[in-house]
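Below: the structure, in structure tokens.
Throughout, a chain's letter reflects where its sequence line sits, starting with A, and its residues are numbered from 1.
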Protein chains: 2
Amino acid sequence: MKSNFNDKQIQILEVAETLFAEKGFDGTSIRNIAKVAKINIAMVSYYFGSKERLLESLIVYRTSDLKNQLESLLQEDLEPIDKINKLIELYINRINSNRGIYRILHFEFTSKKREQNLQAFSELKKGNLKSLETIIEEGQKKGIFRKDVIIPLIAPTILGTFFHFHMNKPFFENLLNLKTEDLYNNYIKTNLTKHIQQTIKALLIYES
Amino acid sequence: MKSNFNDKQIQILEVAETLFAEKGFDGTSIRNIAKVAKINIAMVSYYFGSKERLLESLIVYRTSDLKNQLESLLQEDLEPIDKINKLIELYINRINSNRGIYRILHFEFTSKKREQNLQAFSELKKGNLKSLETIIEEGQKKGIFRKDVIIPLIAPTILGTFFHFHMNKPFFENLLNLKTEDLYNNYIKTNLTKHIQQTIKALLIYES
DNA sequence: AACAAAACTAAACAAGTGTTTAATTTAAAC
DNA sequence: GTTTAAATTAAACACTTGTTTAGTTTTGTT
């Protein structure tokens, strides 16, 4: 898919992403963005119309291809539990390498202030949930997964665990001795991902 | 413990809590707080020194007695798994009835901006983690809990699941048909709490 | 080279920000 | 009732905010 944004716009979007993620939408000024991106402050209005619409553009720019990735996973010939594991890995990997935008989504679109722009984001979430549901029901039909789980609450467990870990980054860096960015990323890729997979597997398979 | 704040200060703190939770720290102005609390804008500086220190006071005001609650739970004569369940219930209940401040903590103390004030909050988290650790190790010694779990990652699973659910409130209200505030709260108290307890139990007990 | 559209700029705009000041009112102590 | 301290106020402070304006420069087309 060809992007609708030109080089200059992308440059602005990526600076905005970094700053919004670091300091929040309200905590970031247009002058702030302009300075880092080395552009004139009028360029944001010129290219995006307003600060608010810059945020909208940023979300479009970053969330456009997740849907496809999920759908191709569904088609793969794998056992349900392996599909779940792969889905978790895909999610964590993706969110972790697009921390900025997901942090922004997490922060900005939960407050009452920006409820309007919520619709497109809500559709994305519904689609993702549907994918998870398909896999779990497949496993339930095969008799592998237990049936008394609340599927819509599994997504919060997967994503919430990651987010809560990542939102408390300084705390866990200190606690787990993850001094460098590499160590931190590696811990997410191995231990945290494994923990989430282990948790969901236990939940789906354990018989009380 | 007697509170260090007088009636007027508490009035300001509670208005600030609501507004910070709704619109974020940066999204809330002192004039905004003053208007809702029906006080003069100079009173915030007069009583708290600055907007930043108002936030600090708010956190002290709201997190002072959690520690005691946890410690008395540790002393109770219960099976490890029941202690875990009670801890989860205590947490969810507490956070759910103090949504405002926990949302603020979640939002404001993760960005790089406010790393200084982080220390007191970090101590609180470390204490909480210690409590969880004590209970789990007790269960491991008794041979009830498996030993290959990463304890520091269990807290993110408990809290993260709740937060992710709550931060996407409009989405889940719609998805699960929780039209009234009562229905929403009830869902948290029963289904969400149960889901988290079920998840952690499965993780701790399930043998692969 | 001449023209037109797009890209870019510095400056100004009105409105909002947190904080301080100096004055006034209220309350407490004697 | 007078004095002293605390509480409260309106106004001003200096600064930052998002956006617009009226130009200038650059780019592409003929």
> Is there a donor-acceptor contact under 3.5 Å linking the side chains of K201(B) and N85(B)?
Replying inline: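 No, because no side-chain N or O of K201(B) sits under 3.5 Å from a partner of the opposite role on N85(B).
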
>> We want to know whether T157(B) and T161(A) form a side-chain donor-acceptor pair, criterion being a heavy-atom distance below 3.5 angstrom.
In response: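 Note: T157(B) and T161(A) side chains meet the donor-acceptor criterion.
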
>> Under 4.0 Å, heavy atom to any atom of DNA chain D: which of residues 12-19 of chain A qualify?
In response: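 Output list: empty, so none.
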
> Is a salt bridge present between K189(A) and E89(A), judged by a nitrogen-to-oxygen distance below 4.0 Å?
Replying inline: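 No salt bridge links K189(A) with E89(A).
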
> Salt-bridged, E56(A) to R53(A), with N to O below 4.0 Å?
Replying inline: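 R53(A) and E56(A): not salt-bridged.
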
> Which part of the nucleic acid does Y47(B) contact within heavy-atom distance under 4.0 Å: base, sugar-phosphate only, or nothing?
Replying inline: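 Sugar-phosphate contact only - Y47(B) comes under 4.0 Å of backbone atoms but never of a base.
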
Tell me, please, which residues at least two apart from [X] pass side-chain hydrogen bond (donor to acceptor under 3.5 Å, both in side chains).
{"X": "E17(B)", "result": "R62(B)"}
{"X": "Y184(A)", "result": "none"}
{"X": "Y102(A)", "result": "R94(A)"}
{"X": "K35(B)", "result": "none"}

> What pairs with H166(A) under ring pair (Phe, Tyr, Trp, His ring centres under 6.0 Å), at least two apart in sequence or on another chain?
Replying inline: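 If we apply the ring pair (Phe, Tyr, Trp, His ring centres under 6.0 Å) test to H166(A), skipping adjacent residues, the hits are F162(A).
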
> Can you name the salt bridge (charged side-chain N to carboxylate O under 4.0 Å, His left out) partners of K51(B), sequence neighbours left out?
Replying inline: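 With sequence neighbours excluded, K51(B) shows a salt bridge (charged side-chain N to carboxylate O under 4.0 Å, His left out) to no residue whatsoever.
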
Side-chain donor-acceptor contacts of residues 175-182 of chain A below 3.5 Å, not counting sequence neighbours, with atom names and distances?
residue	atom	partner	partner atom	Å
T180(A)	OG1	L183(A)	N	3.1
E181(A)	OE1	K169(A)	NZ	3.1
E181(A)	OE2	R99(A)	NH1	3.2
E181(A)	OE2	K169(A)	NZ	3.1

> Between the axis at one end of the helix from dA1(C)-dT30(D) to dT26(C)-dA5(D) and the axis at the other (five pairs apiece), what's the angle to 10 degrees?
Replying inline: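 Taking five pairs per end, the axes differ by 10°.
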
> Using a heavy-atom cut-off of 4.0 Å to chain B, what are the terminal contacting nucleotides of DNA chain D, in 5' to 3' order?
Replying inline: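 Span of nucleotides near chain B: dA6(D) to dA12(D).
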
> Under the ring-ring contact (aromatic ring centres under 6.0 Å, His included) rule, what pairs show up with a residue in residues 37-57 of chain B, not counting sequence neighbours?
Replying inline: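 Found none.
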
>> Generate the contact string for nucleotides 13-27 of chain C. Rules: B means base contact, S means sugar-phosphate contact only, - means no protein heavy atom under 4.0 Å.
In response: ----BBBB-------

